[in-house]
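The structure appears right after this line, and notes come after that.
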There are 2 protein chains.
Amino acid sequence: MRLPPLNALRAFEAAARHGGYIDAADELHVTRGAISRHVKTLEEHLGVTLFRRASRGVELTRAGRDLLPALTKAFKVIEEGAARVTDRSELRVICPPALSVRWLLPSLPEFRAAHPDVRIKLTTDFHGDHAFDGTDYDISIGCANPSNQRPSDIRVEPVAPYTLVPACSPGLLESARIRTPEDLVGVNLIREDYPGSDWPDWLKHFRMDHLDLEQGDVFPNFDLAIRAAIMGTGVIMGDLFLCREEFEKGILVQPFPGMSCESSWGWYCVLYPAALLDNPSAVLFLDWVNEIAARDRQAVLTNPPYA
Amino acid sequence: MRLPPLNALRAFEAAARHGGYIDAADELHVTRGAISRHVKTLEEHLGVTLFRRASRGVELTRAGRDLLPALTKAFKVIEEGAARVTDRSELRVICPPALSVRWLLPSLPEFRAAHPDVRIKLTTDFHGDHAFDGTDYDISIGCANPSNQRPSDIRVEPVAPYTLVPACSPGLLESARIRTPEDLVGVNLIREDYPGSDWPDWLKHFRMDHLDLEQGDVFPNFDLAIRAAIMGTGVIMGDLFLCREEFEKGILVQPFPGMSCESSWGWYCVLYPAALLDNPSAVLFLDWVNEIAARDRQAVLTNPPYA
DNA sequence: TAGGATGGATCAGAAAAAATCATCCTTGGT
DNA sequence: ACCAAGGATGATTTTTTCTGATCCATCCTA
């Protein structure tokens with residue numbers, strides 16, 4: 001059975017709910033005549049009388065009484081669905097797993113405490129530089145190449161450099177006698193199971209392309225890879241920003257101090273549509289992100305390479 | 001929040017469900033361009049992008065994905081509601097309580113057994129001659145004055161006369177020494193709690209208007225009043241058709257044989273819109289009603305007054 | 001018991017919405 | 001490189017919808 005004319009349904013629903021055409025016409029901002037016509041159209045489509053035309057006004061027939069609740073409910077579902085989709089009262093933020101878990105998430109409670117009225121909806125997942133267009137999320141935090149061409153209405157603000165540097169536990173450094181990059185041959189080179197390019201980037205930069213990566217252990221994300229490295233499992237291609245704490249504590253060390261390079265993925269960045277600056281809550285959040293970014297970035301840039 | 005344009009919603013729902021405009025256009029019997037426009041309209045209304053325009057076809061955004069299920073559900077609710085209201089596969093019959101319980105209902109199983117595929121939905125309630133117009137019910141069985149003016153498309157077929165005749169138990173007849181209508185003074189005149197006119201009609205016909213009805217016991221319906229009379233509680237204004245069995249069994253008797261008159265309510269009749277004759281199931285039912293009506297009516301008309 | 005008020009139905013014309021047709025654009029596949 | 005697929009778009013036409021005026025029946029009130 002084909003769907004009845006929707007506008008006629010809406011007119012009937014309003015008329016039935018109000019028990020008359022005049023109030024319905026008022027609600028829908030049209031004239032009585034329009035409602036009258038709609039109801040007639042609907043009755044003809046259904047082949048059923050919905051209103052009994054009484055002396056004074058109209059009265060629902062049984063069919064009309066049966067139909068009304070279904071329509072009221074349907075329109076309510078539509079309205080709520082639309083409202084939910086339209087709702088921009090919460091900031092939708094997406095951030096890849098390692099960055100989220102190792103940097104953003106630990107500080108987020110601080111922001112939430114300071115601004116309890118700003119609702120942040122954090123999605124911890126990959127979102128790729130290329131994909132962000134501000135439709136699915138308001139703010140994307142992740143790797144991005146600020147120099148990449150991008151629609152002019154998308155703003156990109158750097159958070160911290162993505163500095164590739166091999167890392168392993170002090171124990172492994174000793175036991176495997178890793179002194180020069182050549183010593184990596186035969187060592188377990190840990191990597192993420194993600195089409196990233198951290199090892200390839202570094203190996204290419206230092207012309208070590210002959211090293212075989214396929215032998216290394218694979219972990220579903222960078223965070224787990226780091227934990228494996230801490231336990232002395234192997235050598236990871238770390239990052240000064242994300243592994244800062246481990247380097248400071250000395251539970252991870254750099255076998256080749258100074259031998260670092262930037263990732264081809266670009267810096268860690270915050271991306272958002274320029275229009276977002278009209279939203280005071282968003283501005284609060286962006287300012288705060290910049291603040292903690294500057295703080296943590298500073299720590300990375302000023303500290304000497306950890307050995 | 002005001003409801004979005006409904007036709008645009010339908011277009012979007014189809015497009016989202018099919019994952020493309022072409023199939024949606026096909027489903028709604030319009031061109032791609034129409035769907036494209038509708039989606040755009042909806043996006044503008046909501047202020048939200050619903051489809052990400054990809055190289056090949058479109059892809060739902062998060063908002064679109066969120067919206068789709070609500071719409072699909074809403075349209076399903078509407079469709080089901082409309083289908084239910086449109087469904088004319090069951091015959092809706094209404095019949096007042098006493099007539100239903102004492103005449104129609106006892107025979108109905110016989111019809112249902114003979115025609116198991118004809119679904120009868122019996123509502124046992126008052127429906128008044130005046131009210132019947134074929135919208136709420138297909139067939140109304142009850143008191144009707146065949147001579148009353150009525151829309152020409154409503155058929156009225158007589159079932160049996162509504163013949164008013166006082167009745168009581170043989171015991172009461174003796175103990176209260178009821179011989180002439182004048183003996184009713186001071187007797188418990190049982191009546192229904194319904195704006196009927198059985199006693200008034202009879203009293204007026206035999207010029208006994210001076211009898212006081214207010215003293216008599218009141219019962220919520222005629223059936224219960226009859227039971228009370230059988231128990232010797234008082235005198236009811238009975239009816240030859242509905243009390244036939246009691247008269248035959250002798251558990252009710254007529255104090256004044258021959259003193260009967262027709263009710264001002266008219267005969268028991270079957271009312272239905274002429275168009276119902278296009279429905280074979282309805283014709284089966286109407287024929288059957290006529291059949292049992294003739295049978296039971298005959299018994300009333302040919303039998304001598306029960307004394 | 002007339003006259004005004006209420007509430008719906010209806011008609012012709014006006015306005016708005018929707019659909020179409022033709023064409024354009026981007027992109028992916030061969 | 002070219003073609004096909006799939007959507008976007010502009011101008012135009014068709015369809016739908018709304019309006020404003022008027023009609024009609026009934027109820028209410030004086």
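The sequence lines fix the lettering, A, B, ..., with proteins before strands; numbering per chain opens at 1.
When each of A:Leu46, A:Leu42, A:Asn7 is tested with A:Phe12 by the rule side chain to side chain contact (heavy atoms under 4.5 Å, CB included), just one qualifies, namely A:Leu42.
Distance CD (B:Glu43) to P (D:dA8): 8 Å, rounded to an integer number of Å. Counting to the nearest Å, the C1' atom of D:dA8 and the CZ atom of B:Arg52 are 18 Å from each other. When the P atom of D:dT15 is taken as reference, atom NE2 of B:His29 falls 17 Å away, rounded to whole Å. The NZ atom of B:Lys40 sits 12 Å away from the C1' atom of D:dG7 (whole-angstrom rounding).
Remark: B:Arg84 does not engage B:Glu80 in a salt bridge, criterion side-chain N to carboxylate O under 4.0 Å.
If you check every strand for non-hydrogen atoms under 4.0 Å, A:Gly33 touches a base.
The listed nucleotides are D:dG6, D:dA8, D:dC18; the one nearest the side chain of B:Tyr21 is D:dA8.
Remark: B:Arg207 CZ is loosely packed, at most 12 non-hydrogen atoms of other residues, nucleotides or ligands lying under 6.0 Å away.
First and last contacts of DNA chain C with chain A, using any nucleotide atom under 4.0 Å from a protein heavy atom and ordered 5' to 3', fall at C:dT6 to C:dC11.
Checked by distance alone, B:Arg37 brings no side-chain donor or acceptor within 3.5 Å of a matching partner on the base of D:dG7. The base of D:dG7 has none of its N or O atoms less than 3.5 Å from a complementary donor or acceptor on the side chain of B:Arg53.
Side-chain contact between B:Arg88 and A:Val48 is present, with heavy atoms from C-beta onward closer than 4.5 Å.
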Between the protein and nucleotides 27-29 of chain D, which nitrogen or oxygen pairs come in under 3.5 angstrom?
from   : atom 1 : to      : atom 2 : distance (Å)
D:dC27 : OP1    : A:Ser55 : OG     : 2.8
D:dC27 : O4'    : A:Arg56 : NH1    : 3.4

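Helix bend of the helix from C:dT1-D:dA30 to C:dT30-D:dA1: the angle between its two end axes, each built from five pairs, comes to 30° after rounding to 10°.
Here the straight-line distance linking atom CG of A:Leu99 with atom CG of A:Asn221 works out to 12.0 Å at 0.5 Å rounding.
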